[in-house]
Amino acid sequence: MADMVYAVVPVAATVLTGLFAGLFFGFSIAVMPGLGRAGDRAMIESMQGINVAILNPLFAAVFIGAPVGALASVVLHTSAAETASAVWFGGALACLVAALGITFGVNVPRNNALEEAGPAERIADPAAVRGAFEPVWVRWNHLRSLASAVALVCAVVALTVR
């Protein structure tokens, strides 16, 4: 049983990290550029809808599972005296924590402000609401995309070293 845990947990952590990185990367290369082409009200309404839809069990499993899996992998590899793997998973964990910090420190407050602006059709100055949201949200999303991609690289390397 222990062998199975040592095999499954690091692989699951790596897969979850890939999904974590892919989510933010998808926003960077497709979702936000697509919404960038929309009018102010359409962009606001769409992003408000995305912010509600994303809060689901699968998202939670990836969002929480990736850092928890990386931490579990650090513990497992450390206990097995597999220092190189533990260090690489530690790097993955650090990058995931950085992405979470960006999410909770920048992106979520912007999402909340967008929600607090009210329904898009009732916003008096949608260009101002969008202007306060989009440039900062996108810039920091690119950074969390990069951090989570580096986390994925670290997790993959951790699987290949001992």
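Under a hydrophobic-cluster definition in which Ile, Leu, Val, Met, Phe, Trp and Tyr are linked whenever side-chain heavy atoms come within less than 4.5 Å, directly or via other members, Ile44 and Val136 are assigned to different clusters. With hydrophobic clusters built from ILVMFWY side chains whose heavy atoms lie under 4.5 angstrom apart, Leu55 shares a cluster with Leu19. Grouping the Ile, Leu, Val, Met, Phe, Trp and Tyr side chains by contacts below 4.5 angstrom, directly or via other members, places Leu159 apart from Val157. Hydrophobic clustering, with ILVMFWY side chains joined whenever heavy atoms are under 4.5 angstrom apart, keeps Ile54 apart from Ile102.
When the side chain to side chain donor-acceptor pair (under 3.5 Å) test is applied to Trp137, the partners found at least two apart in sequence or on another chain are Asn111. By the side-chain contact (heavy atoms from CB on, under 4.5 Å) test, Ala132 pairs with no residue at all, sequence neighbours left out. Shown here are the side-chain contact (heavy atoms from CB on, under 4.5 Å) partners of Ala98, two or more places apart in sequence or in another chain: there are none.
Alongside Phe25, the hydrophobic cluster contains Ile29 (criterion: ILVMFWY side chains under 4.5 Å).
Of all heavy-atom pairs between Ala38 and Ala42, the closest is CB-CB, 4.0 Å. Across Asn56 and Leu58, no two heavy atoms sit closer than the pair OD1-N, 3.0 Å.
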So Leu93 and Phe89, side-chain contact (heavy atoms from CB on, under 4.5 Å) or not? Walk me through it. CA-CA 6 Å; Leu93 178 59; Phe89 268 117; over 6 Å; no
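In this structure, Met32 and Leu35 have side chains that are in contact, with non-hydrogen atoms separated by less than 4.5 Å. Proximity of Phe27 to Ile50: side-chain heavy atoms (C-beta onward) are separated by under 4.5 Å at one or more points.
Applying the salt bridge (Lys or Arg N to Asp or Glu O under 4.0 Å) test to residues at least two apart or on different chains, none of the pairs has a partner in residues 97-119. For residues 143-162, no residue pair satisfies the ring pair (Phe, Tyr, Trp, His ring centres under 6.0 Å) rule, not counting sequence neighbours. Within the structure, side-chain hydrogen bond (donor to acceptor under 3.5 Å, both in side chains) pairs that include any residue of residues 119-132 comprise Asp40-Arg130, Arg130-Glu134 (at least two apart or interchain). Contacts classified as ring pair (Phe, Tyr, Trp, His ring centres under 6.0 Å) and involving residues 143-162 (residues at least two apart or in different chains) are not found. The list of ring pair (Phe, Tyr, Trp, His ring centres under 6.0 Å) pairs with a residue in residues 45-70, not counting sequence neighbours, reads Phe20-Phe63, Phe59-Phe63, Phe63-Phe104. Sorted pairs that involve residues 142-162 and meet ring pair (Phe, Tyr, Trp, His ring centres under 6.0 Å), not counting sequence neighbours, are lacking altogether.
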What pairs of donor and acceptor atoms, side-chain ones from residues 144-155 against any protein atom, are under 3.5 angstrom apart with sequence neighbours left out?
unit_1: Arg144; atom_1: NE; unit_2: Asn141; atom_2: OD1; d: 2.7
unit_1: Arg144; atom_1: NH1; unit_2: Thr103; atom_2: OG1; d: 2.8
unit_1: Arg144; atom_1: NH2; unit_2: Asn141; atom_2: OD1; d: 3.0
unit_1: Ser145; atom_1: OG; unit_2: Phe24; atom_2: O; d: 3.0
unit_1: Ser145; atom_1: OG; unit_2: Ser28; atom_2: OG; d: 3.1
unit_1: Ser145; atom_1: OG; unit_2: Asn141; atom_2: O; d: 2.9
unit_1: Ser148; atom_1: OG; unit_2: Arg144; atom_2: O; d: 2.9
unit_1: Ser148; atom_1: OG; unit_2: Ser145; atom_2: O; d: 3.1

Side-chain donor-acceptor pairs under 3.5 Å in residues 67-86, sequence neighbours left out?
unit_1: Ser73; atom_1: OG; unit_2: Gly69; atom_2: O; d: 2.9
unit_1: His77; atom_1: ND1; unit_2: Glu82; atom_2: OE1; d: 2.6
unit_1: Thr78; atom_1: OG1; unit_2: Val74; atom_2: O; d: 2.7
unit_1: Ser79; atom_1: OG; unit_2: Tyr6; atom_2: OH; d: 3.0
unit_1: Ser79; atom_1: OG; unit_2: Val75; atom_2: O; d: 3.3
unit_1: Ser79; atom_1: OG; unit_2: Leu76; atom_2: O; d: 2.8
unit_1: Glu82; atom_1: OE1; unit_2: Arg162; atom_2: NH1; d: 3.3
unit_1: Ser85; atom_1: OG; unit_2: Ala158; atom_2: O; d: 2.9
unit_1: Ser85; atom_1: OG; unit_2: Val161; atom_2: O; d: 2.5

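Gln48 contributes a side-chain N or O that, together with a main-chain N or O of Leu114, makes up a donor-acceptor pair within less than 3.5 Å.
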